[in-house]
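A quick write-up on the structure given underneath.
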Amino acid sequence: LGANAPQGSLAGRRILVTSGPTHEPIDPVRYIANRSSGAQGTALARALRDQGAEVVFITGPADIRPPEGVEVVAVQSALEMEAAVQAALPVDAGVFAAAVADWRVASASDRKLKKSKDGLPVLEFAENPDILKTVSRMAQGRPPLVVGFAAETNDVVENATAKRLRKGCDWIVANDVSPATGIMGGDENAVILISDQGAEEWPRMGKAEVATRLAARIATTLNSKS
Ligand code: CTP
Ligand code: CA
C-alpha cells in the first residue's frame with residue numbers, strides 16, 4: 001500500500017479500538033463499573049471504518065450500539081479486555097478509548113454474597129493491568145501508532161503530557177471533564193492532542209467531528225510512515 005494510498009485513506013490498515021467501561025465482578029450478580037458511555041470510542045471506530053480501515057472494536061458493556069461493518073469483541077472486565085487486545089494484534093494502530101477500571105475485586109466470589117449477622121463484606125482490590133502501557137512498551141510487534149486518552153479535571157496539559165511519557169504511547173487525546181465544561185456525558189468534546197510535537201488545542205466540537213479529525217490524522221500519520 002503506502003505510496004498509492006490517497007492521503008487520508010486507511011484502506012488496508014488494521015486498527016484496534018478499545019471503548020466503553022469495564023465491569024469488575026464482585027460476585028455472579030454484582031459488579032463495580034464507571035460512567036463511560038462509550039460514545040467517543042464508538043464514534044472513532046465508525047470514523048476509522050469510514051476511512052476504509054479494518055476495525056477491531058473491543059468494547060466493555062455500553063448501552064450504545066457498535067457501528068456496522070467492524071469486528072466487535074464484547075468483553076466485561078479489564079482482564080478480558082487485555083486478552084482481547086493481545087488477540088487482536090498485530091495492528092497498524094491501537095486506539096485506547098476505553099475507561100478501564102483501575103482496580104478489580106481481588107478474589108471475586110463464585111457464589112452470591114449473602115447478608116450475614118457476622119458483619120459486612122469487605123472487598124479487597126487488586127490493580128488491573130495497564131493495557132495501554134503494556135502495548136506501548138512492547139519490545140516486539142508494537143503497533144506503529146499507539147493512541148491513549150486522558151480525561152482530566154485539572155492541569156490538563158501538564159497531567160496528560162506526564163501521562164503520555166509514563167505510558168510510552170505516541171499521542172494522548174486529552175479532554176477537560178471538569179464540571180464547569182459540561183463535557184462529561186454530553187455530545188461534545190474539547191480535546192487537546194498531546195504528541196512529541198507538544199499540545200494542540202482543538203476547538204470544542206461534536207464527538208463525531210472529533211472522531212473524523214482523529215481518523216484523518218491517524219491516516220496521514222500512518223501514510224507518512226510507510
Ligand atoms: N488504560 C488502559 N488500561 C488501564 C487503565 C487505563 O489501557 N488499566 C488506558 C485508557 O484506555 C486511556 C489511558 O490508559 O487510554 C489513560 O487512562 P487513565 O485512566 O487516564 O490513566 P491512568 O494511568 O489509569 O491514570 P489515573 O490514575 O489518572 O486514572
Ligand atoms: Ca484510570
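All heavy atoms count here, side chains included; hydrogens, waters and symmetry mates do not. When a ligand or atom number is given, it counts from 1 through the structure's own listing order.
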Look at atom 15 (O) of ligand 1 and say which protein heavy atom is nearest, naming residue and atom and giving the distance to 0.1 Å. Phe96 O, 2.6 Å

Nearest protein heavy atom with distance in Å, relative to atom 13 (C) of ligand 1: Phe149 O, 3.1 Å

Polar side-chain atom of Asn159 near backbone of Asn154 as donor-acceptor pair, under 3.5 Å: yes

Using a heavy-atom cut-off of under 4.0 Å, does the side chain or the backbone of Lys133 touch ligand 1, or both, or neither? neither

When you compare ligand 1 with Ala101, is there at least one nitrogen or oxygen pair between them that comes in under 3.5 angstrom? no

How close does the nearest protein non-hydrogen atom get to atom 9 (C) of ligand 1, and which residue and atom is it? Leu132 CB, 3.7 Å

Side-chain touch Arg213/Met205, heavy atoms, less than 4.5 angstrom: yes

State plainly whether the residues Lys163 and Glu152 are in salt-bridge range, i.e. N to O under 4.0 Å. yes

More than 12 heavy atoms of other residues, nucleotides or ligands under 6.0 Å from CD of Glu200: is that the case? yes

Around atom 3 (N) of ligand 1, find the nearest protein heavy atom and jot down its residue, atom name and distance. Ile131 N, 3.0 Å

Option set Ala150, Ala98, Ala151, criterion heavy-atom distance to atom 10 (C) of ligand 1, minimum: Ala98

Note: Ala108 and Pro25 closest approach over all heavy atoms is CB-O, 3.5 Å

Evaluate Thr59 against Val75 for side-chain contact (heavy atoms from CB on, under 4.5 Å), listing each step before the verdict. CA-CA 6 Å; Thr59 179; Val75 299; over 6 Å; no

Using heavy-atom distances only, which candidate in Glu127, Lys163, Arg164 approaches atom 25 (O) of ligand 1 most closely? Lys163

Pick one of side chain, backbone, both or neither for how Ala99 approaches ligand 1, counting any non-hydrogen atom pair under 4.0 Å. neither

Output yes when Lys167 and Asp130 qualify as a salt bridge under the 4.0 Å nitrogen-oxygen rule, no when they do not. yes

Return yes or no for this condition: an N or O of Val100 is under 3.5 Å from an N or O of ligand 1. no

Between Arg30 and Glu24 (salt bridge meaning N to carboxylate O under 4.0 Å), is one present in this structure? no

Which of the ligand 1 atoms, numbered from 1, are nearer than 4.0 Å to a heavy atom of Gly148: 15 (O)

Any idea which protein heavy atom is nearest atom 23 (O) of ligand 1, and the distance to it? Lys167 NZ, 2.7 Å

Contact atoms of ligand 1, heavy-atom distance to Pro129 under 4.0 Å: 3 (N), 4 (C), 8 (N)

Roughly how far, to the nearest 0.5 Å, is the CD1 atom of Ile64 from the OG atom of Ser36? 9.5 Å

What part of Asp102 sits under 4.0 Å from ligand 1 if we count only heavy atoms: the side chain, the backbone, both or neither? side chain

